[in-house]
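Remarks on the structure that follows.
Given the structure is predicted, the values throughout are model-derived calculations rather than measurements. What's counted below: heavy atoms across the whole structure, side chains too, no hydrogens, waters or symmetry copies.
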Amino acid sequence: MGKIICIDAGHGGSDPGASGNGVIEKNVTLNGALKLGEALKKQGFDVIFTRVSDNYIALGERCRIANSKGADLFISIHVNSAPSEAASGTEVLCYERSYFAELLQNNLIEKLGTKDRGVKERKDLAVLNGTRMNAVLIEIAFLSNKEDAKLLKSEIFIEKCTYAATKTVCEHFNVPFKEESEGGGTEKDTRKKIDVVIDGKKETTDGYFIDERNLFTADFLRRLGFKVGYDEKSKAVVIDNGDVKDIDVIADGKPEKVAAVFRNGFNFVSLRELERVGVIDADYKDGVVYIEKK
């Protein structure tokens with residue numbers, strides 16, 4: 001093919017970039033750059049990187065690497081930040097508006113589902129005005145926005161970004177886009193081994209990765225203790241957990257029945273059930289359960 005793509009992971013080393021909500025820009029950009037590079041290699045492109053580890057690379061050196069290698073395209077990956085927590089979404093920056101930049105922005109928004117902030121000209125950015133080839137800078141999302149920050153922590157979200165960028169490069173150079181079964185955002189149904197932890201013990205089962213979800217077989221559900229059958233009349237798979245039962249509790253002196261699961265000699269009651277009968281107030285936020293006695 002002969003097309004050379006230079007992938008630039010923004011910041012690095014002593015220059016961490018922006019940070020907030022548990023996200024450090026230099027880490028996200030390196031992860032995204034490496035994933036994008038590998039995805040492009042699978043499509044047949046020659047790929048060079050400005051950095052492949054957590055080290056500092058001067059802006060001028062990034063341009064020199066791309067120019068000296070005769071790169072046909074330069075893609076710089078960054079994460080946005082703003083004083084206002086309300087700012088969110090994805091945008092593509094370029095020296096001059098181009099078909100590639102517009103196509104990239106459209107594909108990113110379609111795949112990521114983030115707010116469309118459009119394509120913006122930025123003649124003041126060194127990696128855009130110092131490179132001799134078509135160059136773009138992707139601002140994936142805002143780490144200063146809590147919802148965007150959650151996305152940036154997700155490997156699936158970064159793989160979606162990789163998928164959109166890879167597809168755009170292929171379309172730009174009129175190269176047939178080969179769907180990948182692993183990485184870069186999968187579009188095909190992929191059989192895989194899935195690791196799960198059951199009662200503290202690691203198990204491996206056969207499953208499928210479809211539309212970014214892990215799906216298990218009925219046999220595996222049986223191993224978990226569920227009763228799995230098939231209703232000939234309704235043509236439906238019937239799943240029943242025989243361990244779920246109602247137990248009696250006394251909530252502030254008043255008898256109540258709540259659903260519980262019997263495991264290892266103990267009855268386990270959900271927080272929502274205890275909240276329903278007025279024992280506690282429960283909330284779930286940012287991966288933490290908050291409990292207050294009433």
In terms of hydrophobic clusters joined by side-chain contacts under 4.5 Å, are [X] and [Y] together?
X    : Y    : answer
L104 : I158 : yes
V79  : I77  : yes
V52  : I65  : no
V23  : L30  : yes

Looking only at heavy atoms, which two atoms of [X] and [Y] are closest? And how far apart?
X    : Y    : result
C63  : G130 : CB-O, 3.5 Å
I48  : A71  : CD1-CB, 4.5 Å
A9   : T50  : N-OG1, 3.7 Å
R117 : S88  : CD-O, 3.1 Å
L36  : A165 : CD1-CB, 3.8 Å
G70  : I4   : O-CD1, 4.0 Å

Rounded at 0.5 Å granularity, tell me how far [atom1] in [X] sits from [atom2] in [Y].
X    : Y    : atom1 : atom2 : answer
E91  : T114 : CD    : OG1   : 10.5 Å
N80  : L143 : CG    : CG    : 8.0 Å
L112 : D148 : CG    : CG    : 10.0 Å
I7   : K41  : CD1   : NZ    : 10.0 Å
L151 : K153 : CG    : NZ    : 10.5 Å

Give me the other members of the hydrophobic cluster that [X] sits in, counting Ile, Leu, Val, Met, Phe, Trp and Tyr linked by side-chain heavy atoms under 4.5 Å, directly or via other members.
X    : result
I24  : none
I109 : none
L93  : L59, F74, Y95, L125, V127, L128, M133, L137

Answer yes or no: is there an ion pair linking [X] with [Y], defined by an N-O contact shorter than 4.0 Å?
X   : Y    : result
R97 : E121 : no
K26 : D15  : no
K3  : D46  : no

Legend entry - Residues that A101 engages under side-chain contact (heavy atoms from CB on, under 4.5 Å), provided they are two or more places apart: V92, C94, S98, V119, V136
Inset, instruction - For S154, enumerate each residue passing the side-chain contact (heavy atoms from CB on, under 4.5 Å) test, keeping only those at least two apart in sequence or located in another chain. - result: I156, F157
Okay, side chain of [X], backbone of [Y]: is any donor-acceptor separation there less than 3.5 Å?
X   : Y    : answer
T90 : I140 : yes
T29 : G10  : yes
E85 : S144 : no
E25 : A18  : yes

Inset, instruction - Could you tell me which residues satisfy ring-ring contact (aromatic ring centres under 6.0 Å, His included) with F49, sequence neighbours excluded, listed by chain and number? - result: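 Per chain and number, F49 pairs via ring-ring contact (aromatic ring centres under 6.0 Å, His included) with no residue.
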Inset, instruction - Indicate whether any N or O donor in one side chain lies under 3.5 Å from an N or O acceptor in the other, for N107 and T168. - result: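 Looking only at side-chain atoms, T168 and N107 do form a donor-acceptor pair, the distance falling under 3.5 Å.
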Inset, instruction - Determine whether the side chains of H78 and E139 contain a donor N or O and an acceptor N or O closer than 3.5 Å. - result: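 No, no side-chain donor-acceptor pair sits under 3.5 Å.
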Inset, instruction - Look at the rings of F173 and F45 and say which category their plane angle falls in: under 30° parallel, 30 to 60° tilted, over 60° perpendicular. - result: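 Judged by the thresholds at 30° and 60°, the geometry between F173 and F45 is tilted.
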Inset, instruction - Flag the pair I250 / E256 as yes when at least one side-chain heavy-atom distance between them is below 4.5 Å, and no otherwise. - result: no
Legend entry - Flag side-chain contact, heavy atom, 4.5 Å: I138 against S76: no
Inset, instruction - Evaluate the side-chain contact (heavy atoms from CB on, under 4.5 Å) criterion for residues E171 and L103: first the C-alpha distance (whole Å), next the side-chain angles of each, then the deciding distance (0.1 Å), finally the verdict. - result: CA-CA 9 Å; E171 292 176 349; L103 181 62; 3.4 Å; yes
Not counting sequence neighbours, which residues clear side-chain hydrogen bond (donor to acceptor under 3.5 Å, both in side chains) with [X]? List them please.
X    : answer
K115 : none
N31  : E155
N21  : none
E147 : none

Legend entry - Worked verdict on F100 versus V169 for side-chain contact (heavy atoms from CB on, under 4.5 Å): CA-CA 8 Å; F100 177 74; V169 173; 4.2 Å; yes
Inset, instruction - Decide yes or no on side-chain contact (heavy atoms from CB on, under 4.5 Å) for C161 and L108, but give the supporting numbers first. - result: CA-CA 6 Å; C161 184; L108 284 168; 3.8 Å; yes
Inset, instruction - Only pairs at least two apart or in different chains count here, so list each side chain to side chain donor-acceptor pair (under 3.5 Å) that has a residue in residues 123-135. - result: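 For residues 123-135, and leaving out neighbouring residues, the side chain to side chain donor-acceptor pair (under 3.5 Å) pairs sorted by first residue read R122-D124.
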Inset, instruction - Among residues two or more places apart or on two chains, list those pairs meeting side chain to side chain donor-acceptor pair (under 3.5 Å) that have a residue in residues 57-67. - result: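 Listed once each, the pairs are D8-R62, E61-R64.
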Legend entry - Criterion side-chain contact (heavy atoms from CB on, under 4.5 Å) on L40 and K35, from CA distance to verdict: CA-CA 9 Å; L40 288 171; K35 288 183 183 298; over 6 Å; no
Legend entry - Atom NZ of K120 with >12 non-hydrogen neighbours under 6.0 angstrom: yes
